[in-house]
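Structure record follows, encoded as structure tokens.
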Amino acid sequence: MKLVTFNINGVKARTPVIERWLDEAKPDVAVFQEIKSVDEAFPRSVIEDRGYQLETHGQKGFNGVAILSKLPLTNVTRGLPGDESDEQARYIEADVGDSGFRLCGLYLPNGNPAPGPKYDYKLAWMERLEARARDLLARETPFALTGDFNVIPQPADAARPDAWREDALFLPQTRAAFRRLELLGLYDAVRLRHPGPGIYSFWDYQAGARQRNDGIRIDHWLLSPGAADRLQDAWVEGAPRDWEKPSDHTPVWVDLAL
DNA sequence: ATGGTAGAAGATCTA
């Protein structure tokens, strides 16, 4: 079963890309970030007419996540537990199919500028994500955390790591929080399958970053032990970054034997 | 040191 995460950077602006990409790539399950739309305004038919169940968690203007699936989605929950006052739409969970597999789609806060309140929010959000991962691990059923983590885990995950030293995506505290997730026993699927440097999922729109391959790897799949046992493959699909009116991110895939 | 781009909302913020 092919599952994919894709930060689409605005569902309305990206509809032509989404249509072409769904028709060509044919994912079984896709997780979107930055839909930048309220649920009522999401172009549902673009997704549903292609045979997907669609679950959205949007807000006005910014953020917003969604899950699309050809298998039934059940037990859908919206919002990351741990802070009732958090109104940002950055998290959605659902069971996919009937195997007990649970999928967590996330759009982790950017955190810039750091230090500052936005960075404090990012770190607090990562603590809540770790707590959620601990709860899911205790269930002993397979699950995956996937989405735009806004974390560059290692220097090998950036073309120019020195340019990111002071950035919220690469600060030591950010990387340590990501590492704590891995130390719970979660597996970075793309890193597992591609141990070398030079695998990127984001290229800035500015300064010809894509043409110069000045990228970073910030969109990830973290698999529970049971899900990692079922990992067939993991890869980044670079081509949609070069289409007309692209997102600044590109799809990141896993193939799981679920 | 600066500015370069994009999306959504709406004349600015976020990334």
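Proteins come first, then strands; the chains are lettered A, B, ... in the order of their sequence lines, and each starts at number 1.
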Pick the P atom in dT2(B) and in dA15(B), then give their distance to the nearest Å. 22 Å

Whole-Å gap separating P (dA9(B)) and CD1 (I35(A)): 11 Å

Test ring-ring contact (aromatic ring centres under 6.0 Å, His included) applied to W243(A) - qualifying residues, sequence neighbours left out: none

Check: residues 104-113 of chain A side-chain donor-acceptor pairs under 3.5 Å, at least two apart:
from, atom 1, to, atom 2, distance (Å)
Y107(A), OH, E34(A), OE1, 3.4
Y107(A), OH, E34(A), OE2, 3.4
N110(A), OD1, N112(A), N, 3.0
N110(A), OD1, N112(A), ND2, 3.0
N112(A), OD1, A168(A), N, 3.0
N112(A), ND2, D167(A), OD1, 3.0
N112(A), ND2, D167(A), OD2, 3.3

Pick from L3(A), V29(A), T141(A), L71(A): which one makes a side chain to side chain contact (heavy atoms under 4.5 Å, CB included) with F101(A)? L3(A)

Starting from W203(A) and following side-chain heavy-atom contacts under 4.5 Å between hydrophobic residues (I, L, V, M, F, W, Y), which residues can be reached? Y200(A)

Whether W21(A) and F32(A) hold their rings parallel, tilted or perpendicular, with breakpoints at 30° and 60°: tilted

Which residues share a ring-ring contact (aromatic ring centres under 6.0 Å, His included) with W164(A), sequence neighbours left out: none

Rounding to a whole Å, what distance do you find between I152(A):CD1 and dA15(B):C1'? 13 Å

Can you run down the salt bridge (Lys or Arg N to Asp or Glu O under 4.0 Å) pairs that involve residues 56-78 of chain A, sequence neighbours left out, and say none if there aren't any? E55(A)-R78(A)

For residues 87-97 of chain A, which residue pairs pass the salt bridge (Lys or Arg N to Asp or Glu O under 4.0 Å) check, not counting sequence neighbours? E93(A)-R102(A), E93(A)-R132(A), D95(A)-R102(A)

Any residue in residues 154-170 of chain A with a heavy atom nearer than 4.0 angstrom to DNA chain B? Just list them by number, or reply none. none

Does anything in residues 227-246 of chain A form a salt bridge (Lys or Arg N to Asp or Glu O under 4.0 Å)? List the pairs, not counting sequence neighbours. R193(A)-D233(A), R210(A)-D242(A)

Those residues at least two apart in sequence (or on a different chain) that pass ring-ring contact (aromatic ring centres under 6.0 Å, His included) with F149(A) are F178(A), H220(A)

Q59(A) has an atom CD; how far is it from atom C1' of dC13(B), in whole Å? 13 Å

Identify all pairs in which a protein N or O lies below 3.5 Å from an N or O of nucleotides 1-7 of chain B, and state each distance.
from, atom 1, to, atom 2, distance (Å)
dG4(B), N9, Q206(A), OE1, 3.1
dG4(B), N7, Q206(A), OE1, 3.3
dG4(B), N3, Q206(A), OE1, 3.2
dG7(B), OP1, R14(A), NH1, 3.0
dG7(B), OP1, R14(A), NH2, 3.3
dG7(B), OP2, K245(A), NZ, 3.3

For atom NZ of K60(A) and atom C1' of dT14(B), their distance in whole Å: 15 Å

Under the ring-ring contact (aromatic ring centres under 6.0 Å, His included) test, residues paired with F202(A) that sit two or more places apart: H249(A)

Is R212(A) touching bases, backbone alone, or none of the nucleic acid, heavy atoms closer than 4.0 Å? nothing

For dT5(B) versus dA1(B), give the span between their P atoms, rounded off to a whole number of Å. 22 Å

C1' gap between dA9(B) and dC13(B), integer Å: 9 Å

The answer to which of S37(A) and D248(A) contacts DNA chain B further toward the 5' end, by nearest nucleotide, is S37(A)

Can you tell me the distance, in whole Å, between the OH atom of Y121(A) and the P atom of dT14(B)? 12 Å

Expected list for residues 104-111 of chain A near DNA chain B, using heavy atoms below 4.0 Å, is Y107(A), N110(A)

